[in-house]
Number of protein chains: 2
Amino acid sequence: MSRTEQVVPLTATTRESILAAAQRLFTERGFDGTSLRQIADAVGTTKAAVYYHFPAKEHLLLELTRPWLDAMSALVTEIRSSERDGCDAESTLAAYLDLFVEHLPVLHMLTGDPATANHPDIGRRARTLVDSIQQRIAGPEPSDTRLVRAACALGVVHSVATLSIDLVSTHRNAILQAAVDALSDG
Amino acid sequence: MSRTEQVVPLTATTRESILAAAQRLFTERGFDGTSLRQIADAVGTTKAAVYYHFPAKEHLLLELTRPWLDAMSALVTEIRSSERDGCDAESTLAAYLDLFVEHLPVLHMLTGDPATANHPDIGRRARTLVDSIQQRIAGPEPSDTRLVRAACALGVVHSVATLSIDLVSTHRNAILQAAVDALSDG
DNA sequence: GTCTATAGGCAGATAGAC
DNA sequence: GTCTATCTGCCTATAGAC
């Protein structure tokens, strides 16, 4: 995080290897379904070594999800600061889609895990942030119809989790268009 | 299942209470995150009593998901039997949406649990069935664009999981329209 | 049909050597 | 910074009384 921001080091540190293994295993088996033993084995180390780098299993999850949650917070803050016009639902949808695509691996891990969904600093926080975005997209004092359409539009965005990153990248505009269409009418 | 098909008995049996509690807890905490102890306590009985009715924890999940999986199988079979025309994507989408709405509680339980996603008789089977439906919607030999649109259309359908049953019921046609629009172009 | 009691295992976490 | 060894507790599942 300090000076080698987005750069992947040539030699991954033990700490980074642990995080990478944890993300992969949490995605495959869920948080509860993954033991520290499995993470340690995947890295080729021991449970105690994991505990040297992280004070608890939970902190692996917090560390993995923080970048995405912080990006979501920034987006919501930005949305709120430019709250005068109510007609830029499309740009909000675009920003949300791009943020979703950028953090796809983390989201893939989260979307399928009730163990994280009820965690106050992860699932609860995420739902609050997504709700803020949904409200912004639906607009002020939305009708039921408008609420349903906003949910459909987010449903389109979330569907990228089922597609390959390649397909999402090359068809980003088509997906955004589908989301915008879902928000408008037929 | 036999003659009291959809009827809820006035006095729920212990077995039915166990299934109901399991569904609620699995939804809230996931399969791995729910212990038999918690299920037994919720019903007001003991772990051993649960084991009298079900041979293993896994069977609670199998029993809960079988109605939906069987309904999905029936839909896929029906789709395949009328395979000549490739232009009824809309009716397939409608059937899928209605099936999704009908089994919403079970789906709400499943969509958030990696423990079930990798179960061969549940998650794997479900993915196979959803894939069949997605292929049917995309049509024969689909382009990448068409594949992405089919995924977006299913994304709209799946978004009903985030809405109340009331809202979904009253706006079913609007949701279907949004799904159809996502499948077509903007 | 439902209970008590318990087996047997593995989880998360800690202490302290090196 | 990483190890071995171990603690404590809860888990699924079983055996057998009632």
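All of these numbers come straight from a predicted model, not from anything done at the bench. Computed over heavy atoms, backbone and side chain alike; hydrogens, waters and symmetry mates excluded. Order of the sequence lines fixes the chain letters, A, B, ..., with proteins taken first and strands second; residue numbering starts at 1 for each chain.
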Please give, in whole Å, the distance from [N] [atom2] to [X] [atom1]?
X	N	atom1	atom2	answer
His59(A)	dA13(C)	NE2	C1'	14 Å
Ile39(A)	dA13(C)	CD1	C1'	14 Å
Asp32(B)	dC10(C)	CG	P	15 Å
His53(B)	dC3(C)	NE2	P	9 Å
Glu58(B)	dC11(D)	CD	P	19 Å
Lys47(A)	dT8(D)	NZ	C1'	12 Å
Arg37(B)	dA11(C)	CZ	C1'	18 Å
Leu60(A)	dG12(C)	CG	P	10 Å

With respect to the phosphate group of [N], does any side-chain polar atom (N or O) of [X] fall under 4.0 Å of OP1 or OP2?
X	N	answer
Thr46(B)	dT2(C)	no
Thr14(A)	dT2(D)	yes
Tyr51(B)	dA13(D)	yes
Ser35(B)	dC10(D)	no
Tyr52(B)	dT2(C)	no

Donor + acceptor pair across side chains of [X], [Y] (<3.5 Å):
X	Y	result
Ser184(B)	Arg149(B)	no
Gln177(A)	Asp181(A)	yes
Glu16(A)	Thr13(A)	yes

Residues Asp41(A), Arg37(A): salt bridge by 4.0 Å N-O rule: yes
Verdict with reasoning, Asp32(B) to Arg29(A), per salt bridge (Lys or Arg N to Asp or Glu O under 4.0 Å): CA-CA 10 Å; Asp32(B) 281 334; Arg29(A) 317 173 187 189; over 6 Å; no
With the side chain defined as heavy atoms from C-beta on, Leu36(B) is closest, among dT12(D), dA11(C), dC3(D), to dT12(D)
Nearest to the side chain of Ala48(A), heavy atoms from C-beta on, is which of dT2(D), dC3(D), dA11(C)? dC3(D)
